[in-house]
Amino acid sequence: MNLFRQLASNPVKGPVPGDAAGGGSGGRATNSPPTDRELVRRSQGGDYAAFDALVTKHRGRVYAMIQNMVKNEADSWDLAQEVFVKVWKALPKFESRARFSTWMYRITHNVVYDWMRKRKIESAGEWDDNILDEQAIAAGAVVTPSRSLRPDEALTQGELRERIESALEKLSPEHREAILLREVQGLEYKEIAEVMDCSIGTVMSRLFYARKKLQSLLTKNS
Amino acid sequence: MNEQRKEELLTRWLDDALTDEEVREFEPVLAEHPEWRAERESYRKLRSELVATIPAEVEPPYPDFFNVHLQRLVENASRRDRDPSRSTLGLGRLWTWWLAPAAAAAVVAAFILGMNSAPMQPPGVVDAQGSEVYSPLSNVSTEVIQHDEALGATLIVVEGLDELSDDDLVVGDGSLGGQHGYYVVTHGEVY
Amino acid sequence: MPQRRVLLLALLSGVFLLGAEISPAQDPGLDKIGKVRTELIFATNQGVADLGAGVKPLSKAEQKRLRASKIGAYSNFVKLGSVEQDVLAGYKSWAAPIANNEAILVTFQPQARINKKLRLDIELWQKKKMVLRWDPFFEVGKKIYLKGPKWRDGNLIITVELVSLKESKK
């Protein structure tokens, strides 16, 4: 498997920090890692190694965002793959003046919501906890089994995390996503509006109600 | 002030994101609700707990394989979508450009994994060209035999998996003559 | 909990949760493109008569092939479980060769199709952990054998076979 590691890491080639002639004071400054803009530009020019570096840089955020929405490791992995395939395919349309990470979150949003729509777990209000808690293996259930199929879920979690995650799960997808994008991912309101394809006013409203609901749930359960 | 505006200002106030003008607009409303300050502190405490427990970044499981597998998906997608007459990325060229080292790597990987590298494939054998085996478990090793002569099929031998117990394989209350029973079900059409 | 599980299985037996509003016509991912059979075989040198009535012997021909193969020097081979499922164009399927048992699960999802061959992403899951991932090409009627974990004095063998493949739409 070491070979796979070597092949997969595929680092973007560039000067090695500290390799500059002269070193010390008066030497050349250390090169910082390439920016998203640079990596995107090179990816758009056909440099797959640059795209691979973009993936490595952003896969953690994409995966975290998906898993916080979808709550299933196996599906999250597949959906994260789907996000980056779509990113790759849509790169020609990406305008470099925009922020890559916001655009990437937008694609992540679309992929997650498409998945939810297909699984028919749409809710205008609260989730049905019964469905979320089910851990049945649906043997023979071919279509999108993962929501009800959680064979990999064996993680031990702190009590606080459990309470918070349980409360987040009780929010609607829109409210949960707004909270995650704002509080966890640190996006600005305008960026959240771009990701969720809604107005800033809607973002504010969702944040307002999501925060109230979270507080209410966590106060009730404490 | 309408409710929607109040909610928006409350949200911004909680985030310390009010403009000077908005502060002036909001202050009279805030004065009527002194309890909001305590609620803001309460939510801020909750928010810091949220940020501390819900990670913003989580490496996907098998991160190296994530990239390798993605490369495969991109290759497949590029193959399907390739249209040399209108491609702006030169995907055809791109596909060829990075495929060569990837293909070479696949051959080397196949050798390391012990794949049967007979130059001529017997007729009807599954072609595992470029296929990859991956295990996230460090104690697991695999050997792929492209064409086991006796089986007339591909065989992959996996060593190092945990042994299963009778308790693992028992089904329901299956128990026949004091031994565990195993129900064989051929499901047939699922729908 | 077991009763809730049964209830959920009953609900899911119709496949679509909460009513199917999206039909295959609307979602091409739901197109059935073939069928896969997953089987669980036990290879042993001990007698198999006491394993229980639910266990089925393999054909003499297959037993002979298995004995001569690189799987190892076993004299007896029996089938513990078998399940056949549709391959959906855009979804991952989970197969449990022994019904209601999670010890051995196999997932498969189509990745690519070249002429009459279908590349499937296969995962082997053992006791709720993914232990192996593989993406071979399959041809109809050709099994892939996977020598898996030990059990009792022998080995479990998982087979995956593409039973049928629909003609691709042009």
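Here is the naming used below: chain letters follow the sequence lines, and residue numbers restart at 1 for every chain.
Proximity to chain B is limited to the side chain of Leu180(A), based on heavy atoms less than 4.5 angstrom apart. Within the 4.5 angstrom heavy-atom criterion, no atom of Ser141(B) approaches chain A. Only the side chain of Leu10(B) comes within contact range of chain A, with heavy atoms under 4.5 Å apart. Interface remark: Arg5(B) contributes no atoms to any contact with chain A (heavy atom separation under 4.5 Å). Using a 4.5 Å cut-off between heavy atoms, Ala52(B) makes no contact with chain A at all.
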Self-check item: Test side chain to side chain contact (heavy atoms under 4.5 Å, CB included) applied to Leu70(B) and Phe51(A), step by step
Solution: CA-CA 11 Å; Leu70(B) 174 66; Phe51(A) 180 71; 4.2 Å; yes
Practice problem: Run the numbers on Asp15(B) and Tyr189(A) for side chain to side chain contact (heavy atoms under 4.5 Å, CB included), then give the verdict. | Solution: CA-CA 11 Å; Asp15(B) 291 338; Tyr189(A) 306 131; 2.6 Å; yes
Exercise. Could you check Met204(A) against Leu9(B) for side chain to side chain contact (heavy atoms under 4.5 Å, CB included), going step by step and ending with a plain yes or no?
Key: CA-CA 9 Å; Met204(A) 308 306 286; Leu9(B) 291 176; over 6 Å; no
Exercise. Applying side chain to side chain contact (heavy atoms under 4.5 Å, CB included), run through Trp77(A) and His69(B) and close with a yes or a no.
Key: CA-CA 11 Å; Trp77(A) 204 95; His69(B) 192 261; 3.8 Å; yes
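Within 6.0 Å of atom CD in Glu35(B), more than 12 heavy atoms from other residues, nucleotides or ligands are found, so the atom counts as buried in its surroundings. Other residues, nucleotides and ligands place more than 12 heavy atoms under 6.0 Å from the CZ atom of Arg106(A). With a 6.0 Å radius and a threshold of 12 heavy atoms from other residues, nucleotides or ligands, Glu59(B) has its CD atom above the threshold.
Here the NE2 atom belonging to His58(A) is positioned 9.0 Å from the CD atom belonging to Glu57(B), to the nearest 0.5 angstrom. Between the CG atom in Leu214(A) and the CD atom in Glu49(B) there is a gap of 11.5 Å [rounded to 0.5 Å]. Separating the CD1 atom in Ile164(A) from the OG1 atom in Thr53(B) is a distance of 3.5 Å, to the nearest 0.5 Å. To the nearest 0.5 Å, atoms CZ (Phe208(A)) and CG (Leu14(B)) are separated by 10.0 Å.
Ranked by heavy-atom pairs shorter than 4.5 Å toward chain B, the options Ile66(A), Val62(A), Leu160(A), Leu207(A) are led by Leu160(A). Taking Met65(A), Glu82(A), Arg182(A) one by one and counting their heavy-atom pairs under 4.5 Å with chain B, the maximum is reached by Arg182(A).
Annotation: side chain of Ser48(B) is not in contact with side chain of Glu183(A) (no heavy-atom distance under 4.5 Å). Two residues are said to be in side-chain contact when any heavy atoms from C-beta on lie closer than 4.5 Å; Leu168(A) and Leu50(B) meet this criterion. Within the 4.5 Å cutoff, the side chain of Tyr43(B) has no heavy atoms near those of the Lys212(A) side chain. Considering only heavy atoms from C-beta on, Phe66(B) comes within 4.5 Å of Gln81(A) through its side chain. For the pair Thr11(B)/Arg211(A), a side-chain contact is recorded, criterion being any heavy-atom separation below 4.5 Å from C-beta on. For the pair Arg59(A) and Pro63(B), the minimum side-chain heavy-atom distance is below 4.5 Å.
Contact record, Ser205(A) with Glu7(B): OG-OE1, 4.3 Å, taken as the closest heavy-atom pair. Tyr48(A) and Gln71(B) make their closest contact through OH-CA, 3.3 Å (heavy atoms, listed as atom of the first residue, atom of the second, distance). Ile200(A) and Arg12(B) make their closest contact through CG2-NH2, 4.3 Å (heavy atoms, listed as atom of the first residue, atom of the second, distance). Counting all heavy atoms, side chain and backbone alike, Gln185(A) lies closest to Ala56(B) at NE2-O, 3.1 Å.
When each of Arg161(A), Arg61(A), Gln67(A) is checked for a side chain to side chain contact (heavy atoms under 4.5 Å, CB included) with Pro55(B), only Arg161(A) meets the rule.
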